Visitor: 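Can you read through this structure? Questions will come right after.
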2 protein chains.
Amino acid sequence: MKKLRVRFKLWLSTKNVEGVFGDGKWRLLRAIDSEGSLNAASKTLRISYRKAWGDLSKAEACLNVTLLERHRGGRMGGATCLTKQGKEWVKAYGKFHSEIEKATEKAYEKHIQELLR
Amino acid sequence: MKKLRVRFKLWLSTKNVEGVFGDGKWRLLRAIDSEGSLNAASKTLRISYRKAWGDLSKAEACLNVTLLERHRGGRMGGATCLTKQGKEWVKAYGKFHSEIEKATEKAYEKHIQELLR
DNA sequence: TTGCGATATGTCGAACTGTGCATAACCATG
DNA sequence: CATGGTTATGCACAGTTCGACATATCGCAA
């Protein structure tokens, strides 16, 4: 029996739109918070800027929440940072994610590893 | 703010192969158990027989576990049912899945719904 | 020994996703 | 007022996934 690893994925949806927020967008927000720009964030996460931009726009539109403060032009060409609400989302989702991560690991050991003897 | 729903997904992977077992294959096994054949199971789940067959073969090959007892030919043309191990997997994974489902709902209420006030 | 219905497996095409590329708009600074 | 780097956005192309087909095989029953 090969060694197994558990994986999980979390996301939020509305009645009409699937995936308005989730692990990917959460990581993106964190990267923006530490990098200072969407451009840099997408590079560190190795995601195309095109997708990163689309994902976040979708999240903001569907959640009807302003997560980002976008600035175009200027000395550095522009910048993006999190709003207060954006930071709250990162924090709350982080706790949510972390809790499920622990629960998953625990339940895996209890039910699956047990099954494998 | 639109109403949100949490979603989650669980799966198992080996070092080389992603998704050797997960929610889809678990549902498939259950359907086979109640339907008596892979063909019928794939129809009730609205999955192509081709995919269902491939998924289960992959699972058995990667887990190195015999989950199914396949029969070809005969009066009814053939049949597929779960082995003892197959039933154990269904049961164990069911508990695993159920536990995470509850944990997810709980953590969602605690962290995300709280955030939305 | 023929027929039926399920398993087994390859292949081609459609749908979906994400990347890459091309622009345009923007604006502090030199 | 020209420049550079970033946000914003459309579009075409590539990769992946899945479904629809097309066969082949199998074995009991009529």
Side-chain angles (χ1 to χ4, degrees), chain A residues 7 9 11 13 16-62 66-83 86, chain B residues 7 9 11 13 16-62 66-83 86:
Chain A
R7 302 226 174 266
K9 193 173 184 293
W11 71 98
S13 301
N16 303 316
V17 188
E18 194 70 5
V20 301
F21 200 83
D23 296 2
K25 296 178 183 64
W26 171 57
R27 276 189 287 270
L28 213 35
L29 289 182
R30 282 191 307 170
I32 288 172
D33 198 30
S34 65
E35 299 289 338
S37 84
L38 177 51
N39 190 37
S42 67
K43 275 172 187 152
T44 65
L45 294 184
R46 285 177 202 155
I47 295 172
S48 67
Y49 174 87
R50 190 67 185 75
K51 173 167 168 56
W53 177 83
D55 282 357
L56 292 175
S57 297
K58 173 181 173 185
E60 287 191 309
C62 295
T66 302
L67 301 168
L68 301 171
E69 216 180 283
R70 285 121 170 222
H71 301 281
R72 294 206 296 187
R75 179 185 35 173
M76 307 302 287
T80 298
C81 61
L82 303 189
T83 61
Chain B
R7 301 226 173 265
K9 193 172 183 294
W11 70 98
S13 302
N16 303 316
V17 188
E18 194 71 3
V20 300
F21 200 85
D23 296 3
K25 298 179 182 64
W26 171 57
R27 277 190 286 270
L28 214 35
L29 289 182
R30 282 192 306 170
I32 289 173
D33 198 30
S34 64
E35 299 290 337
S37 84
L38 178 51
N39 190 38
S42 67
K43 275 171 186 151
T44 64
L45 295 183
R46 286 177 201 155
I47 294 172
S48 70
Y49 174 87
R50 190 65 184 78
K51 174 168 168 55
W53 176 84
D55 282 357
L56 292 175
S57 297
K58 173 182 173 183
E60 287 190 310
C62 295
T66 301
L67 302 168
L68 302 171
E69 215 180 283
R70 285 125 164 207
H71 302 282
R72 293 205 300 185
R75 182 183 34 173
M76 308 304 287
T80 298
C81 60
L82 302 189
T83 61

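Just so you know, these numbers use all the heavy atoms, side chains as well, and skip hydrogens, waters and symmetry mates. Model, not experiment: these values are computed from the prediction. Each chain gets a letter, A, B and so on, in the order its sequence line appears, and its residues count up from 1.
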Visitor: Whole-Å distance between D:dC26 P and B:L38 CG?
Guide: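 Rounded to whole Å, this separation is 18 Å.
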Visitor: Give B:T80 one of three labels, base, sugar-phosphate or nothing, depending on what nucleic acid heavy atoms sit under 4.0 Å from its own.
Guide: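 Sugar-phosphate: the residue B:T80, judged by heavy atoms under 4.0 Å, touches backbone atoms but no base.
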Visitor: Would a distance-only check, ignoring hydrogens and angles, find a side-chain to backbone donor-acceptor pair under 3.5 Å from A:K25 to A:G19?
Guide: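 At least one qualifying donor-acceptor pair exists.
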Visitor: Please figure out whether A:G73 or A:I47 has its closest DNA chain C nucleotide nearer the 5' end.
Guide: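 Taking each residue's closest nucleotide, the earlier one in sequence belongs to A:I47.
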Visitor: Under 4.0 Å, heavy atoms only, any strand: does A:G78 hit a base, just the sugar-phosphate, or nothing?
Guide: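 Sugar-phosphate, no base atom in range.
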Visitor: Could you state the atom-to-atom distance from CE of B:M76 to P of D:dC28 in whole Å?
Guide: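 Whole-Å distance recorded here is 14 Å.
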Visitor: Would you call A:L29 and A:L68 a side-chain contact if the rule is heavy atoms closer than 4.5 Å?
Guide: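 A side-chain contact under 4.5 Å exists here.
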Visitor: Distance check needed: C:dT7 P versus B:L56 CG, whole Å only.
Guide: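 The distance from CG of B:L56 to P of C:dT7 comes to 11 Å, rounded to the nearest Å.
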Visitor: Rounded to whole Å, how long is the line connecting atom CZ of A:R46 with atom C1' of C:dG20?
Guide: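 Result: 18 Å.
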Visitor: Charged N to carboxylate O under 4.0 angstrom, A:R7 versus B:E18?
Guide: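 Result for this pair is yes, salt bridge flagged.
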Visitor: B:N39 CG to D:dC21 P: how many Å, rounded?
Guide: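 After rounding, the reported distance stands at 15 Å.
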Visitor: Have a look at A:R50 and say if it touches a base, only the backbone sugar-phosphate, or nothing, with a 4.0 Å heavy-atom cut-off.
Guide: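 A:R50: base contact, heavy atoms under 4.0 Å.
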Visitor: What integer distance in Å separates B:R70:CZ from C:dA8:C1'?
Guide: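 One finds 9 Å between C1' of C:dA8 and CZ of B:R70, rounded.
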Visitor: With a distance cut-off below 6.0 Å to the six-membered ring centre and an angular limit of 45° from the axis, does A:R50 pair with A:W53 as a cation-pi contact?
Guide: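 No, cation not above the ring by the 6.0 Å, 45° rule.
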Visitor: If you only use heavy atoms from C-beta on, which nucleotide in D:dA29, C:dT7, D:dT9 is closest to the side chain of A:W53?
Guide: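 Minimum distance to the A:W53 side chain belongs to D:dT9.
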Visitor: Can you work out whether B:R72 or B:D55 has the more 5'-proximal nearest nucleotide on DNA chain D?
Guide: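 With B:R72 and B:D55 compared, the 5'-side residue is B:D55.
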Visitor: Give the nucleotide from the list D:dT6, D:dA8, C:dT9 with an atom nearest to the side chain of B:Y49.
Guide: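 Taking heavy atoms from C-beta onward, the closest nucleotide is C:dT9.
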Visitor: Measure from NZ on A:K43 to C1' on C:dG18 and round the result to the nearest Å.
Guide: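 Value for this atom pair: 17 Å.
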Visitor: Find the distance A:L45:CG to C:dT19:P and express it as a whole number of Å.
Guide: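 In whole Å, C:dT19 P lies 11 Å from A:L45 CG.
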Visitor: Nearest to the side chain of A:K51, which nucleotide is it out of C:dT19, C:dT9, D:dC18?
Guide: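 Nucleotide nearest to A:K51's side chain: C:dT19.
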Visitor: With the side chain counted from C-beta on, respond yes when A:T83 and A:E60 share a heavy-atom pair under 4.5 Å apart, and no when they do not.
Guide: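 No, their side chains stay 4.5 Å or more apart.
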